[in-house]
Amino acid sequence: LARRYRDEPTVLGYLLIQRFGGADKATLTSFATVMGQRLHGLAPNQLLSIDLAWTGDAETFSELQQLPVVDFIDVDDYTFKYPAADLDPVLLRALSDVDKPAVVGEGAFVLLGKDEVALQARAQAARERVSQWRAWGFSGALFWAYQPGWSEVSEEFDGRPSDPMLQPGGVLASAPW
């Protein structure tokens, strides 16, 4: 994939690790370093990240994020109830200790119903959370999960006129990045 899309300007980069289960730090460090060097060699203009589930272990999190092959920090933030709880202050301190840009790689907002009131409530929660992300120092965010024509109530969104997530003047249009 890296070779094929190395010159594609719409590809920001690659995710080296998503979660890490029970793997030890030495294994993760070795894997990320070897694969990161290989990917940087194949696609030098694209960025690399590792998406670690926050477990509260700031030392391991910071050490892995500080690897030279990691270009930016990817944090997931799923808001499944309103109002959203703040992110763990230990995580925020760890992010500030690592001198790399941090983005919300998956920002999700559950929908609490199918009617317009529920869509508006989710949009308001998303606006507030985006403001928090910016205040916490995140450099950008991707919303999860774009699903055209969704029908089941979940975190999915699309461009339907009644959903203010993607509409002109909506949540994404007013994001501070």
Enter the distance from N45:CG to D7:CG here, rounded to the nearest 0.5 Å.
-> 7.5 Å
If you count the non-hydrogen atoms of other residues, nucleotides and ligands that lie under 6.0 Å from CH2 in W54, is the total more than 12?
-> yes
Would you indicate whether F80, at its atom CZ, is surrounded by more than 12 heavy atoms from other residues, nucleotides or ligands within a distance under 6.0 Å?
-> yes
Begin with the C-alpha distance, continue with both residues' side-chain angles, and end with the deciding distance and a verdict on side chain to side chain contact (heavy atoms under 4.5 Å, CB included) for W144 and D76.
-> CA-CA 10 Å; W144 183 266; D76 296 341; over 6 Å; no
Kindly determine whether W133 and V75 satisfy side chain to side chain contact (heavy atoms under 4.5 Å, CB included), including the steps that lead there.
-> CA-CA 11 Å; W133 291 336; V75 174; over 6 Å; no
Separation between CZ of F138 and CZ of R129, rounded to the nearest 0.5 Å | 9.0 Å
Applying side chain to side chain contact (heavy atoms under 4.5 Å, CB included), run through M35 and L48 and close with a yes or a no.
-> CA-CA 10 Å; M35 294 307 295; L48 302 175; over 6 Å; no
Find out whether Q37 and H40 are in side-chain contact, i.e. whether some heavy atom of one side chain is under 4.5 Å from a heavy atom of the other.
-> no
S62 (side chain) donor-acceptor with E59 (main chain) under 3.5 angstrom | no
Can you hop from V103 to L92 via hydrophobic side chains spaced under 4.5 Å?
-> no
Joint hydrophobic cluster, Y146 plus L172, side-chain heavy atoms closer than 4.5 Å | yes
Does any non-hydrogen side-chain atom of R122 lie less than 4.5 Å from one of V110?
-> no
Taking all non-hydrogen atoms of both residues, which atom of P164 and which atom of R127 are closest, and how far apart?
-> CB-NH2, 4.4 Å
Rounded to the nearest 0.5 Å, how far does CG of L52 lie from CG of L64?
-> 5.5 Å
Do V69 and V11 belong together in a cluster built from hydrophobic side chains that touch within less than 4.5 Å?
-> yes
Step by step, would you call T29 with E63 a side chain to side chain contact (heavy atoms under 4.5 Å, CB included)?
-> CA-CA 9 Å; T29 298; E63 285 180 25; over 6 Å; no
Are L12 and L16 linked, directly or through other ILVMFWY residues, by side chains that come within less than 4.5 angstrom of each other?
-> no
Where I17 and A32 come nearest, the two heavy atoms and their spacing = CD1-CB, 4.1 Å
Do other residues, nucleotides or ligands put more than 12 heavy atoms under 6.0 Å from the CG atom of D86?
-> yes
hydrophobic_cluster_shared for F72 and W136, side chain cutoff 4.5 Å | no
Report yes if the distance between the aromatic ring centroids of Y82 and F109 is under 6.0 Å, otherwise no.
-> no
NZ (K81) and CG (L112) are apart, to the nearest 0.5 Å, by 12.0 Å
With side chains defined as the heavy atoms from C-beta onward, is the minimum distance between P44 and R6 less than 4.5 Å?
-> yes
For the atom pair CD (Q66) and CD1 (I73), what is the distance rounded to the nearest 0.5 Å?
-> 8.0 Å
Does S49 offer a backbone N or O that forms a donor-acceptor pair with the side chain of D74 under 3.5 Å?
-> no
Indicate yes or no for a side-chain donor-acceptor contact from T33 to the backbone of S30 under 3.5 Å, with no hydrogens or angles considered.
-> no
Closest approach of L111 to A118 (non-hydrogen atoms, all atoms of both residues) = CD1-O, 3.5 Å
Can you see which heavy atom on V90 is nearest to which on G56, and at what distance?
-> CG1-O, 4.4 Å
Residues at least two apart in sequence or cross-chain that pass side chain to side chain donor-acceptor pair (under 3.5 Å) with R160, listed by chain then number, are D158
Within-4.5 Å side-chain heavy-atom neighbours: D163 and W150 | yes
Side chain to side chain donor-acceptor pair (under 3.5 Å) with Q167: which residues, sequence neighbours excluded?
-> none
Closest heavy-atom pair and its distance - F61, A94 = CD2-CB, 4.1 Å
Do we see a donor-acceptor contact under 3.5 Å between the side chains of Q124 and Q120?
-> no
Could you grab the distance from atom CD of Q65 to atom CD1 of I50, nearest 0.5 Å is fine?
-> 4.5 Å
Which heavy atom in V130 sits nearest to a heavy atom in P176, and how many Å separate them?
-> CG1-CD, 3.3 Å
